[in-house]
Amino acid sequence: MIPIKPVGAGAGKSTTPARTIDAAAGVAAQYLQPGALNLAALPPLSLYIHWPWCVRKCPYCDFNSHEAKGEVPEKQYLDALRLDLEMALPLIWGRKIHTVFIGGGTPSLMSAAGLDRLLSDLRTLLPLDGDAEITMEANPGTFEVEKFRSYRASGINRLSIGIQSFNARHLQALGRIHDDGEARRAVDIAHATFDNFNLDLMYALPSQTLDEARADLATALAFQPPHLSLYHLTMEPNTVFAKYPPELPDDDTSADMQDLVAEMTGAAGYGHYEVSAYARPGHRAKHNLNYWQFGDYLGIGAGAHSKLSFPHRVLRQARYKQPKSYMEQMANGTPIQEENEIARDEMGFEFMLNALRLQDGFAPNLFSERTGLALNTIEKQLNAAEAKGLIYRDHAIIRPTELGHRFLNDLQQIFLG
Ligand code: SF4
């Protein structure tokens, strides 16, 4: 539902030789094998929990979501999540969790009792920060007042709602299960129950006009959501839309829509802080910011990805994607399908892939804090990006320029080499 996936998931990447010496966390730098990383401190840690089922699969969706045919095996899945977390604990021993994100899929298909159990399992097993941001994704069509009150009482303090559009015709074209009335009702319930919530909206929808995009955004802004995620619809491979492409607005119209988004959100007092993210003051998404600042995350559940740092290596993991295989593998104690370390020569790109998404960029010392490498390891690439006018940098900041934002892919590619 929310396209906030760990970018650069690192599948199939080689392992660094530093792995064998990682256990000796305090080992002096001169004993490290060449190429080992040197992280002075570990980044903030988030927890991602994946719920893999939806009522129906949307034709544009390439997330790990599966149509719930019949009853969802909620208890079995929650058992698997608990076991998953218990088994992962040695990797994050002693570290506090700053944010939790329950994503999917449609996690709001979970019963109130199931969610309550999940959060109490987390609290039993993990040291959660006192003011941890705990977000749950929810889709209109699954909103019941009592259930959402119960979610709030169990500890969810931020809701992210997959509205996508308030226009009945576009919702239908997107294959969504909700109509415009349910979309509005969902936001009303969120408003009444949660202080903090996000609306996901898409533009450049099949046959959408500029006026229709304006009307959608105006409706969203009228609810005064603390946070807005505004995505340009894209045709992802292996989706129904990739196979049977709908008629989309032309490039000029979709560029006008992009300008409209900037204009209307700015006028309404929202800060544009990441490619698709807009927030009222004090409401940036902490969980997502941690991804973009190359923080750590443990991902549990079907298909979830993790990025975990140690003093001399950074580990990536991916769990089995199919809910059934995940639960079976979990029962055998082997939920991890892929595991590898980010190679030293890929670290700069991995960091920049995330950090360059931020409008304000990053402080230069964040690079070495998060990668364990000196900033001069990417000096050549920084110079090349600067020479092309794609980044601005001084002693305090490195950030994409206007041009860099517009050609973000080109800018990110520079750090591949
Ligand atoms: S609701 Fe649709 S877009 Fe969201 S995860 Fe489910 S299938 Fe994908």
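Ligands are counted one by one from 1 in listed order, and the atoms in each one are counted from 1 as well. This one's a predicted model, so the numbers in the text were calculated from it and none came from an experiment.
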Residue pairs passing the ring pair (Phe, Tyr, Trp, His ring centres under 6.0 Å) test with at least one member in residues 103-131, sequence neighbours excluded, are none
At a 4.0 Å threshold, what atoms of ligand 1 neighbour a non-hydrogen atom of [X]?
| X | answer |
| --- | --- |
| Gly105 | 5 (S) |
| Asn139 | 1 (S) |
| Cys54 | 1 (S), 5 (S), 6 (Fe), 7 (S) |
| Tyr60 | 3 (S) |

Trace of the side-chain contact (heavy atoms from CB on, under 4.5 Å) decision for Ile102 with Tyr48 | CA-CA 6 Å; Ile102 307 171; Tyr48 175 79; over 6 Å; no
Does ligand 1 have an atom under 4.0 Å from some heavy atom of Arg176?
->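 Distance cut 4.0 Å: Arg176 passes for ligand 1.
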Electrostatic pair Glu67:Arg56 at N-O distance under 4.0 angstrom |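 Salt bridge flag = no for Arg56 with Glu67.
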Between Glu274 and Arg357, is there a side-chain N and carboxylate O pair less than 4.0 Å apart?
-> yes
Specify side chain, backbone, both or neither for Ser65, according to which of its non-hydrogen atoms lie closer than 4.0 Å to ligand 1.
-> side chain
Between Arg56 and ligand 1, which residue portion shows a heavy-atom distance shorter than 4.0 Å: side chain, backbone, both, or neither?
->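 Arg56 to ligand 1: backbone contact only, side chain stays beyond 4.0 Å.
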Do Tyr203 and His232 have ring centres separated by under 6.0 Å?
->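 Tyr203 vs His232: aromatic centres under 6.0 Å.
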Examine Cys61 and say whether one of its N/O/S atoms is closer to atom 6 (Fe) of ligand 1 than 2.8 Å.
->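 Coordinating: no.
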Which pairs pass side-chain hydrogen bond (donor to acceptor under 3.5 Å, both in side chains) with one or both residues in residues 70-85, sequence neighbours excluded?
-> Glu74-Ser111, Lys75-Asp79, Asp79-Arg117, Arg82-Glu86, Arg82-Asp121, Asp84-Arg319, Asp84-Tyr326
